[in-house]
Amino acid sequence: MKLLENKTSLITGAARGIGRSMALMFADEGSNVIFTDLKESDNSRSLLDELHAKGVRADFLAADASDTDRAMEVAAWVTKEYGRIDALVNNAGITRDNLLLRMSASDWNAVIETNLRSVFNYTKAFAPLMLKQRSGSIINISSIVGMIGNSGQANYAAAKAGIVGFTRSMTKELGSRGIRCNAIAPGFIETPMTKQLGEDARNYWVQQIPMRRVGTDVDVARVALFLASDLAEYVSGQVIACDGGLML
Ligand code: NAD
C-alpha cells in the first residue's frame, strides 16, 4: 500500500523547485495532484506530463497564490472536479532581498503577499472542504530564516515567522475536526531560488551546516510526504526543520 493511496493533494507554486519535487513524490505514493503556479510554462507542462505518466489524476491551474479571489475559484474547482482535498501544501514563495535601509515598501509588500497572504488565502479557501470531510493535512513551507532571522531578508523572515504563528493558530482552530496543520522550515536548499545567490554564498553556508552539505528539493519533499501521510496522524502544530542541523 502506497503512503498516499486514494488521496488528493494540492501544492501551490509547484512548477519548479521544492514544489515540483513534492508533486512527483506525492504522485509516486499514489496521490492525485493538483498544482498551481503563476502561469502555464514549459515547466508546468512537463510536470503535468510526468504526473500523468505515473498513472494518477493530475491538473495544473494558473493562479497567483497572493490573489484571494483566485484561491476561492481554485477551491471551488477542486471541490467540483475532485470532491475532496487531503493535503494542502502552501509552498509558493519569493525573495526580494535587501538591507532594511534599502528595502522598498513594494519589496516588503510583494514578499508578505506572496509568502504569507497566500497561506491565509488557500487555507481559508480549502478549510470548508476539509471541515466537511473532518480530515486534512495542511503543510506550510516556512524557513529557518523565520526563526533565526537573516541580514537582508527582513521581509522574508517576517513572512516566514508569520507562517509559524498562523500554523499554530490553525492547529488550535481546526484540530477538533480532524485537520492537522504543520510547517516545514527548510535551511539552505539547492533550487532555482538559491542558485541566484552564487557560489560564494553556497560555500559559506556549507561551512555553517553541521552535515556539511546543502539540502535538496527531495530532502524537503520527504518531510512533506510524512506530514501528508497517515504516518503523521497525531502530529500537528509542529515546525519541522529540514536543514542538516544549521539552525542549532
Ligand atoms: P523556486 O523559486 O525554485 O520555486 C518557487 C515557485 O513558486 C516557482 O515555480 C514560482 O513561479 C512560484 N511562484 C512564485 N510566486 C508565486 C505566486 N504568487 N503564485 C504562485 N506561484 C508562485 O523556490 P523554492 O526554493 O522551490 O522554494 C519553495 C518554497 O520553499 C518557498 O516558499 C521558499 O520560500 C521555501 N524555502 C526555500 C528554501 C531554499 O533554500 N530554496 C529555504 C527555505 C524555504
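Read the numbers this way: they start at 1 and go in the same order the structure lists the ligands and their atoms. Predicted model only: the values in this text are computed from it and were never measured.
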Would you check whether [X] has a nitrogen or oxygen atom less than 3.5 angstrom from a nitrogen or oxygen atom of ligand 1?
X	value
Asn115	no
Lys160	yes
Ala65	yes
Ser66	no

For the backbone of [Y] and the side chain of [X], can you confirm whether one donor and one acceptor N or O come within less than 3.5 Å of each other?
X	Y	value
Lys160	Ile141	yes
Asn98	Ser104	no
Gln133	Ser135	yes

Relative to the heavy atoms of [X], which atoms of ligand 1 are at a distance of less than 4.0 Å?
X	answer
Ala92	20 (C), 21 (N), 22 (C), 32 (O)
Gly17	3 (O), 26 (O)
Pro192	3 (O)
Ser143	43 (C), 44 (C)

I need the contact type for Ala63 against ligand 1. Using non-hydrogen atoms and a strict under-4.0 Å cut-off, is it side chain, backbone, both or neither? backbone
What part of Leu38, side chain from CB on, backbone N/CA/C/O, both or neither, has a heavy atom under 4.0 Å from ligand 1? both
Hydrogens and angles aside, do Ser46 and Asp49 bring a side-chain donor and acceptor to less than 3.5 Å of each other?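 No, Asp49 and Ser46 have no side-chain donor paired with an acceptor closer than 3.5 Å.
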Within the 3.5 Å criterion, strictly below it, is a donor on Asn121 or Thr68 matched to an acceptor on the partner's side chain?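 A donor-acceptor contact under 3.5 Å links the two side chains.
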Starting from [atom], what is the nearest protein heavy atom, named by residue and atom, and what distance separates them?
atom	answer
atom 14 (C) of ligand 1	Ile94 CG2, 3.7 Å
atom 7 (O) of ligand 1	Gly13 O, 3.4 Å
atom 23 (O) of ligand 1	Met193 CB, 3.5 Å
atom 2 (O) of ligand 1	Arg16 NH2, 2.8 Å
atom 36 (N) of ligand 1	Tyr156 OH, 3.4 Å
atom 42 (C) of ligand 1	Gly187 O, 3.0 Å
atom 25 (O) of ligand 1	Thr191 OG1, 2.5 Å
atom 18 (N) of ligand 1	Asp64 OD1, 2.9 Å

Give a yes/no verdict on whether any heavy atom in [X] is under 4.0 Å from an atom of ligand 1.
X	result
Ile141	yes
Ala185	no
Ser142	yes
Thr114	yes

With [atom] as the reference point, say which of [options] has the nearest heavy atom.
atom	options	result
atom 26 (O) of ligand 1	Ile18, Asp67, Asp243, Val89	Ile18
atom 31 (C) of ligand 1	Asn91, Ile189, Thr36, Leu47	Asn91
atom 9 (O) of ligand 1	Asp37, Val220, Thr194	Asp37

Within 6.0 angstrom of [X] [atom1], more than 12 heavy atoms from elsewhere:
X	atom1	result
Met211	CE	no
Asp200	CG	no
Glu233	CD	no
Arg212	CZ	yes

Quick one: pull up OG in Ser236 and NZ in Lys172 and give me the separation to the nearest 0.5 Å.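 Output value for this atom pair is 11.0 Å.
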Transitive ILVMFWY side-chain link Phe26 to Val218, under 4.5 Å: yes
Would a single hydrophobic cluster contain both Ile138 and Leu131, if residues Ile, Leu, Val, Met, Phe, Trp and Tyr are joined by side-chain heavy-atom contacts under 4.5 Å?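 Yes, same cluster.
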Aromatic plane relationship, Phe120 with Phe166 - under 30° parallel, 30 to 60° tilted, over 60° perpendicular: perpendicular
Are the charged groups of Glu29 and Lys7 less than 4.0 angstrom apart, N to O? no
Could you go through the side-chain contact (heavy atoms from CB on, under 4.5 Å) check for Asp37 and Asn43 one step at a time? CA-CA 10 Å; Asp37 213 291; Asn43 281 340; over 6 Å; no
